[in-house]
Amino acid sequence: MSEPGRRAEGWSAVLLLVAAGITLGGCGDDDPPASSSTSAAPQATGMPAGSAVPDALPGSPTEVAGALLTTDDLGEGWTDLGPVPFEERGAPGCPESGVISTGEDPARLGEAQSYYAEEDPAVITFGESVSVWESADVARERLATFASMATQCRTFEQEVLDGSTVTVRTEERDAPPLGDEAVALVHRFELSPDLTVLRDVVVVRIGDALVLVDGPDVAEGDSTAASAREQFEELTAQAVEKASRVLAG
């Protein structure tokens, strides 16, 4: 086996640990999300491909769940893993991480979330949350709070699936030209002196709605890192386009 092949194989178990410790809007809670027997990912919903996520927050308008990508949108080879339980989202070490997709916020009129994986390997590849707010001004304020992670949560400690604690560093990066405004962050999980795992997070505001997406865990220096980010950027644009279309209707 080639050196890149051995390296990717060795990292796979580590990436599963990190994936289970990360949720949309942050880097996970002390308790990992529910997992299936084959991966450290949220459980599948059991719904047919293309169906809306069944457990959007109570009271959410129907179109909020309908604005999420489905496996029909993503194409062959994708699995809808369903959402992380609401109470397990966010990072205890960074309160700003949960401002969009967790916590009691009367200004949030609805929210729906799901995670998606490609069949091989069965590891979280992409996550999406769509939320609607009382007004565009409120959505703008929540986006600004989330963006402050780059300064307020530059470094914090996070527990992952095996019970170990890792250092997470948050960095700002160039945001994509999508929606009315957007922010983009990178979480750097320093698992060892020789291994840092990266995860992209992007939030896009569309009027009074926020689309929050996060991408796959990729080891820094991995030969697949560039293609993984390219795929993430394509999925982000697809998610924003669908949310804009559905919520506008």
Side-chain angles (χ1 to χ4, degrees), residues 12 15-28 32-57 60 63-86 88-89 100-102 111-131 161 176 178 184-187 197-204 209-218 224-225 227-247:
S12 60
L15 298 184
L16 282 173
L17 295 177
V18 176
I22 302 175
T23 61
L24 272 168
C27 303
S35 60
S36 69
S37 60
T38 57
S39 70
Q43 291 180 336
T45 63
M47 298 185 69
S51 298
V53 176
D55 48 352
L57 293 184
S60 294
E63 60 267 26
V64 175
L68 290 173
L69 292 175
T70 67
T71 51
D72 281 351
D73 298 320
L74 295 170
E76 186 177 356
W78 286 86
T79 300
D80 187 336
L81 300 171
V84 170
F86 185 65
E88 294 179 8
R89 304 180 193 177
I100 292 173
S101 63
T102 191
E111 193 266 356
Q113 181 203 83
S114 199
Y115 273 94
Y116 312 90
E118 293 179 282
E119 289 181 353
D120 185 18
V123 178
I124 294 171
T125 300
F126 186 72
E128 179 185 9
S129 164
V130 175
S131 56
L161 185 62
L178 297 171
L185 305 172
V186 178
H187 293 315
V197 172
L198 309 179
R199 167 166 282 211
D200 284 313
V201 184
V202 173
V203 186
V204 179
L210 295 172
V211 179
L212 189 160
V213 295
D214 59 0
D217 303 317
V218 180
T224 65
S227 60
R229 174 166 282 182
E230 181 179 356
Q231 181 190 41
F232 173 71
E233 291 173 348
E234 292 173 354
L235 291 170
T236 297
Q238 187 177 359
V240 172
E241 187 280 328
K242 181 174 183 180
S244 300
R245 173 166 39 84
V246 172
L247 296 176

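Each residue takes its place number in the sequence, starting with 1.
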Shortest non-hydrogen contact from [X] toward [Y]:
X	Y	result
Ala67	Val130	CB-CG1, 4.1 Å
Leu178	Ala237	CD1-CA, 4.0 Å
Val218	Ala228	CG2-CB, 3.6 Å
Tyr115	Gly127	CD2-CA, 3.7 Å
Val211	Ala243	CG2-CB, 3.6 Å

Rounded to the nearest 0.5 Å, what separates atom [atom1] in [X] from atom [atom2] in [Y]?
X	Y	atom1	atom2	result
Leu74	Leu235	CG	CG	6.5 Å
Thr125	Phe232	OG1	CZ	11.5 Å
Trp78	Leu69	CH2	CG	9.0 Å
Gln113	Ile100	CD	CD1	12.0 Å
Glu118	Thr79	CD	OG1	9.5 Å
Glu233	Arg229	CD	CZ	6.5 Å

**OP:** Go through the steps to decide whether Val202 and Val240 satisfy the test side-chain contact (heavy atoms from CB on, under 4.5 Å), and finish with yes or no.
**Re:** CA-CA 11 Å; Val202 173; Val240 172; over 6 Å; no

**OP:** Classify the side-chain pair Asp80/Ser114 by whether it contains a donor and acceptor separated by less than 3.5 Å.
**Re:**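 Their side chains do contain a donor-acceptor pair, which is all the 3.5 Å distance test asks for.
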
**OP:** Ignoring hydrogens and angles, state whether a donor on the side chain of Ser101 or Glu111 is under 3.5 Å from an acceptor on the partner side chain.
**Re:**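 No, because no side-chain N or O of Ser101 sits under 3.5 Å from a partner of the opposite role on Glu111.
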
Original post:
Does Arg199 reach the main-chain N or O of Gly215 with its side chain, forming a donor-acceptor pair under 3.5 Å?
Top reply: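 Answer holds: yes.
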
Original post:
Step by step, would you call Tyr116 with Glu128 a side-chain contact (heavy atoms from CB on, under 4.5 Å)?
Top reply: CA-CA 9 Å; Tyr116 312 90; Glu128 179 185 9; 3.8 Å; yes

Original post:
Below 4.5 Å, heavy atoms only, C-beta onward: do Thr70 and Lys242 meet side chain to side chain?
Top reply: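 In contact.
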
